[in-house]
Amino acid sequence: MFKFLDDLTSGLLQKFPAAAAPAGWRVSAERCPENMAGELTVNAFKFARIIKVAPDQAAAATAEILAAHPDVAAVETVKAFVNVTLKSGALFRDTLSDVPGLFAAGRTASPRRYLIEYSAPNTNKPQHLGHVRNNTLGMSVASMLKRVGNEVIQVNLVNDRGIHICKSMIAYQRFGNAVTPESVGKKGDHLVGDFYVKYNAALSEELAEMRAGHPEWTEKSDEELFLETGIGRAAQQMLQDWEAGKPEVIELWKMMNGWVFDGFAETYRTMGIEFDRTYLESQTYLLGKDIVKQGLDSGAFTRRDDGAVVCDLGPKLGVKVLLRADGTSVYITQDLGTTLKKYADYQPDSMIWVVGDEQIWHFQVLFALLKKLGCAWADKLHHLAYGMVNLPTGRMKSREGTVVDADNLFEEMTELALAACRERNTDGIADDELLARARVIAMGALKFMLLKFNPKTTIMFDPAASIRFEGDTGPYVQYACARIGSILRKAGDPDTSGADWSLLETAEEKNLALWAAFYSAVLEQAAERLDCSGLVEYLLNVAKAFNQFYRECPVLSDGVPPELRKARLALAKSVRALLEDGLHTLTIDVPDAM
RNA sequence: GCUCCGGUAGCUCAGCGGAUAGAGCAGCUGCCUUCUAAGCAGUUGGUCGUGGGUUCAAUUCCCGCCCGGGGUACCA
């Protein structure tokens, strides 16, 4: 970053030998507020204590050192804020003229191996907007952690067994007429989802009939009556047959799951997701049992009078059951098993789960259990909890048909983006090229929208308002890149080496350099918080700064001196590199033109 | 009840110890024979839920209260 800050730091430490600065301490600067004279601000309130003087003395010393610094053009002190204006040459030297340096600054000094699990769909229905948020958060956090220099292993854990899967299978047996995705021309996960809906409709019907015939049952919940229904018992029986390995059930299960996996593969391809490994719950759901035995042996867990195995996690988390009295395992038992398996498979330094915030409690318990089992790495586990996606009409509910389907949403947004493309420059552009462009824009808009929110906030998705390509959106940033691409194409992809950056002296040009200076800090914070929303915000600001530059500073127009043109071309190139790097970090593509 | 998350402009959200609280959308006003108007400029709009406390400094930290959502399973 800025050389003057290094010099200021050493200057202060020399001047105040009594200073108690932590190792590696360095004075930092922030953007100066718009209405103040200055580009950067050094806040002396923040480090006055470190150098052990009063804030106004710290500020005075700072101003004195900076006034004599060759990079500094002007200094102004307000209270303990020291506002600095840099000389053009120094400003660009430390920022946009050195893109590799800018990018390298964002890399971590201590790379780690992360294992991140996300998506985790069920194979009884297609993915919806909630999954899209999960997928987007997972892939972007993974990408961002890689971008700052870590090794990242991305895994999926597919819930491919259980009563909900059997429901789709029962409905297929009863109402399926042996259809296949090919025979009806439907994506496999959608076809299976249809049967899941059919099952629930048939169940509701049967429940209604039963309640009509048994007035004493009207008060009971659907869950309580589930096993009283024929179709409920059928699903239960099928689950038992599945666990017993009954051939015709396994065969049906394999066939229908195969359809769903094909469908998911397409959804993931559209989003640009590639998992390093996909774990299947059907292969992991029994894993936890021997760990429970080990826990009993070590005394971490205890056996209750009725035979159930439990663990007392203290006053806050309470007593957790790990094995029922009948010896069957519960959700957390499986999760213990898969967690240990993932650890054994990859030995990560840290594991991340991208899972909805309704499971915060579950993960607290899981982590506590792992500690109890003596896993030294248990304090390096992180539940990346994210909020629901709600619609203006309320929560999304599969049963009530109020979900926004992922594939349909991609399709709809692509259509809208395509229409927007057609309104613009379509001269001589082939249809498939236009479609490819629309896809990049649509997916960019969607991912950017989802990442703009802090993960933990509950999102309100209003299709009418949320599907936008203007304003604070992904396409806004992509558009800035496209404008730069256009300039560079018109200039014949010029060689800009040796450009004289000190010729760039307008407020718009300097503003871009000032924004660029903070890229590494933005990445660092995103990685630390496992939250890309700061990067999203940042890219909007850089794109905005570029659009202002675009308006105010002609590059190719007649009357721009050749040397200035070259410098501005170099600037544009660097800005595009920055924006592209940022978007790619968010797993968003950049179209050549828009 | 206990617990977690949220309450900031008409709407959707940033800011989370620092200088006069921001953005986008919506509304109003301008700017396309000039490198792509998916753009730019201007403008309207706020007792940062509320009452205390800590601090040189609080939207930001602590405590109480009010409102909304999640969790509180031997479901996943």
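Atom set for the values below is all heavy atoms of this structure, side chains included, hydrogens, waters and symmetry mates excluded.
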Using the P atom as the reference point in each nucleotide, state the distance between B:C61 and B:C16 in Å, no decimals. 10 Å

Distance between the P atoms of B:U34 and B:G24, in whole angstroms?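 Nearest-Å result for B:U34 against B:G24 at atom P: 26 Å.
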
Aromatic contact, A:Trp515 with A:Phe546 (centres under 6.0 Å):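 That pair fails the under 6.0 Å test.
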
Residue A:Glu281, side-chain atoms from C-beta onward, closest of B:A37, B:U34, B:A76: B:A76

Measure from the side chain of A:Trp361, starting at C-beta and using heavy atoms only, and say which of B:U72, B:G70, B:C40 lies closest. B:U72

Touch check for [X], heavy atoms < 4.0 angstrom, all strands: base, sugar-phosphate only, or nothing?
X: A:Arg161; answer: nothing
X: A:Cys553; answer: base
X: A:Val555; answer: base
X: A:Ala593; answer: base
X: A:Asp306; answer: base
X: A:Tyr331; answer: base
X: A:Gln359; answer: base

If the glycosidic angle sits within 90 degrees of zero it is syn, else anti. Tell me which applies to B:C32.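 Syn conformation for B:C32.
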
Under 3.5 Å donor-acceptor pairs involving side-chain atoms of residues 43-60 of chain A, not counting sequence neighbours:
from	atom 1	to	atom 2	distance (Å)
A:Asn43	OD1	A:Phe45	N	2.9
A:Lys46	NZ	A:Glu30	OE2	3.4

Going by side-chain contact (heavy atoms from CB on, under 4.5 Å), name the residues that satisfy it together with A:Gln240, two or more places apart in sequence or in a different chain. A:Gln236, A:Gln237

State which residues pass ring pair (Phe, Tyr, Trp, His ring centres under 6.0 Å) with A:Tyr285; sequence neighbours excluded, sorted by chain then number.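 Ring pair (Phe, Tyr, Trp, His ring centres under 6.0 Å) list for A:Tyr285, sorted by chain: A:Trp242.
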
What pairs of donor and acceptor atoms, side-chain ones from residues 125-133 of chain A against any protein atom, are under 3.5 angstrom apart with sequence neighbours left out?
from	atom 1	to	atom 2	distance (Å)
A:Gln127	OE1	A:Asn135	ND2	3.1
A:Gln127	NE2	A:Tyr268	OH	3.2
A:His128	ND1	A:Gly130	N	2.9
A:His131	ND1	A:His128	N	2.9
A:Arg133	NH1	A:Gly387	O	2.7
A:Arg133	NH1	A:Thr457	O	2.9
A:Arg133	NH2	A:Asn454	O	3.2
A:Arg133	NH2	A:Pro455	O	3.0
A:Arg133	NH2	A:Thr457	O	3.1

Its contact letters, B for base, S for sugar-phosphate only and - for none at protein heavy atoms under 4.0 Å, make nucleotides 12-28 of chain B read SSS---BBB--SSS---

Here RNA chain B, pairs taken as Watson-Crick or G-U under 3.5 Å and shown with ( ), [ ] when crossing and | when to another strand, reads (((((((..((((....[...)))).(((((.......))))).....(((((..]....))))))))))))....

